[in-house]
Trainee: 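This is the structure I want to talk about, given as structure tokens.
In listed order, ligands and their atoms are each counted from 1.
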Amino acid sequence: MGNEFDYISENLRRIKADIGEACAAAGRAPESVRLMAVTKTVAPEAVNHAIAEGVDLLGENRVQEFLSKKDSYDSSAEVHMIGHLQTNKVKYIINDVSMIQSVDSEKLLGEISRLAVKNGRIMDILCEVNIGGEDSKSGVHPDDLHELLMKASQTEGIRLRGLMTIPPPSESDIFLGRMSELFERYSGEFSMDVLSMGMTHDYADAVRFGSTLVRVGTGLFGARSYK
Ligand SMILES: *Cc1c(COP(=O)(O)O)cnc(C)c1O
């Protein structure tokens with residue numbers, strides 16, 4: 001029997017197979033890479049289909065959109081915030097996400113810390129790195145990363161887990177390589193275990209460069225009308 005969301009099942013099978021192949025080629029265990037479904041603009045019914053098919057991690061970009069959809073999501077999946085987060089919006093999501101991947105300033109870190117402590121929890125975070133040094137992108141500049149990591153590792157209510165990036169679309173390998181180097185340089189010092197990189201167009205490459213978490217939207221749910 002056909003289902004209107006069969007394409008999601010198909011896409012999911014293909015993405016998992018691709019990740020498996022990329023892992024095999026890189027001599028990595030397939031379980032070493034986690035797949036996140038990025039849900040921006042996607043209807044909750046479609047998201048829930050992906051969850052029913054085995055997706056256990058969702059990525060949210062926009063606070064308003066997440067708040068309007070979260071009660072419709074099957075609650076078995078974990079949710080990470082991956083979009084640029086304004087300090088004054090942290091309070092709306094602090095108890096609904098298990099990780100904030102887009103931390104790029106001490107100010108944001110401070111607010112997450114304050115609310116985590118207030119809510120009696122510890123928030124997992126990744127520091128977002130602007131690896132291409134692009135003006136249009138959020139993320140901390142690589143030269144300022146060590147300082148932010150130091151700060152994050154010493155802040156109450158925060159558990160620093162790793163790094164996240166959205167590399168420039170062209171010359172992707174150069175930037176994936178640089179992220180891989182940064183992660184190797186700092187993961188020991190700060191006990192980091194998550195390198196979040198790789199989207200629809202480059203997740204297999206990202207796996208070659210050591211990504212432990214790939215964030216796929218379009219490849220799973222189809223094209224969006226906006227990014
Ligand atoms: C939209 C988005 C993705 C997924 O992008 P696709 O190209 O649709 O796979 C991944 N990470 C972040 C931070 C995003 O905003």
Side-chain angles (χ1 to χ4, degrees), residues 5 7-8 10-19 22 33-44 46-47 49-51 53 55-67 69-70 73 77-86 89-90 93 97-105 108 112 124-140 161-173 175-176 179 183 194-227:
F5 295 126
Y7 67 96
I8 296 174
E10 299 255 315
N11 289 339
L12 186 60
R13 268 195 291 279
R14 197 195 59 247
I15 293 163
K16 282 185 176 166
D18 288 346
I19 292 173
V33 179
R34 194 165 182 201
L35 173 64
M36 164 188 281
V38 176
T39 66
K40 59 186 179 246
T41 79
V42 180
V47 174
H49 181 83
I51 295 171
E53 292 286 295
V55 166
D56 64 0
L57 177 61
L58 307 180
E60 296 293 323
N61 281 79
R62 295 174 174 82
V63 170
Q64 286 310 324
E65 184 181 336
F66 174 49
L67 295 178
K69 284 156 68 176
K70 73 180 172 76
Y73 288 158
E78 228 181 297
V79 179
H80 292 178
M81 178 54 56
I82 60 171
H84 179 69
L85 184 58
Q86 283 171 280
K89 300 252 173 85
V90 179
I93 60 146
V97 302
S98 60
M99 185 185 286
I100 299 174
Q101 297 202 357
S102 42
V103 175
D104 63 356
S105 71
L108 180 56
I112 297 169
D124 281 355
I125 66 127
L126 304 182
C127 287
E128 179 176 354
V129 183
N130 184 353
I131 194 66
E134 298 165 285
D135 289 341
S136 62
K137 289 225 176 103
S138 43
V140 61
R161 294 287 304 274
L163 306 179
M164 185 272 249
T165 196
I166 308 173
S170 63
E171 301 181 277
S172 172
D173 275 15
F175 296 107
L176 294 172
M179 275 307 292
F183 188 67
V194 181
L195 177 56
S196 172
M197 66 179 188
M199 302 168 36
T200 295
H201 70 281
D202 65 351
Y203 65 83
D205 294 330
V207 167
R208 276 197 293 122
F209 282 98
S211 171
T212 70
L213 192 161
V214 294
R215 310 178 309 265
V216 180
T218 317
L220 186 58
F221 296 115
R224 293 181 292 273
S225 51
Y226 70 94
K227 292 241 172 184

Trainee: Going by distance alone, is a donor N or O of one side chain under 3.5 Å from an acceptor N or O of the other, for S98 and E78?
Mentor: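 Yes - a donor-acceptor pair under 3.5 Å links their side chains.
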Trainee: What are the atoms of ligand 1, with element, lying closer than 4.0 Å to any heavy atom of V216?
Mentor: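 This gives 9 (O) as the contact atoms.
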Trainee: Report the part of K40 in contact with ligand 1, treating N, CA, C, O as backbone and CB onward as side chain, heavy atoms under 4.0 Å; options are side chain, backbone, both, neither.
Mentor: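 Side chain only.
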Trainee: Going through the distances and angles, do R215 and S196 end up as a side-chain hydrogen bond (donor to acceptor under 3.5 Å, both in side chains)?
Mentor: CA-CA 8 Å; R215 310 178 309 265; S196 172; 2.9 Å; yes
Trainee: Just jot down the ligand 1 atoms closer than 4.0 angstrom to any heavy atom of T218, in number order.
Mentor: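 Here the atoms of ligand 1 in question are 6 (P), 7 (O), 8 (O), 9 (O).
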Trainee: Which of the numbered atoms in ligand 1 are under 4.0 angstrom from any heavy atom belonging to G217?
Mentor: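 In order of number, 4 (C), 6 (P), 8 (O), 9 (O).
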Trainee: Record the part of R224 in heavy-atom contact with ligand 1 below 4.0 Å; permitted values are side chain, backbone, both and neither.
Mentor: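 Just the side chain.
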Trainee: Using a 4.0 Å heavy-atom cut-off, which part of N61 comes near ligand 1: side chain, backbone, both, or neither?
Mentor: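 Within the 4.0 Å criterion, N61 contacts ligand 1 through side-chain atoms alone.
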Trainee: Any chance you could measure M99, atom CE, to M36, atom CE, to the nearest 0.5 Å?
Mentor: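 That separation rounds to 8.0 Å.
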Trainee: Ignoring angles and geometry beyond distance, decide whether I166 reaches within less than 3.5 Å of ligand 1 through its nitrogen or oxygen atoms.
Mentor: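 Between I166 and ligand 1, no N or O pair is found under 3.5 Å apart.
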Trainee: How long is the straight-line distance from CG of L213 back to CE of M164, given to the nearest 0.5 Å?
Mentor: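 These two atoms lie 9.5 Å from each other.
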Trainee: Is it the side chain (CB and beyond), the backbone, both or neither of L220 that lies under 4.0 Å from ligand 1, heavy atoms counted?
Mentor: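 Neither; no heavy atom under 4.0 Å.
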Trainee: Should the pair K16-E53 be classified as a salt bridge under the 4.0 Å nitrogen-to-oxygen rule?
Mentor: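 Judged by the 4.0 Å cut-off on N to carboxylate O distance, K16 and E53 do not form a salt bridge.
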Trainee: Can you check whether L176 reaches M197 side chain to side chain, under 4.5 Å on heavy atoms?
Mentor: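 When only atoms from C-beta onward are counted, M197 and L176 do touch, with a gap below 4.5 Å.
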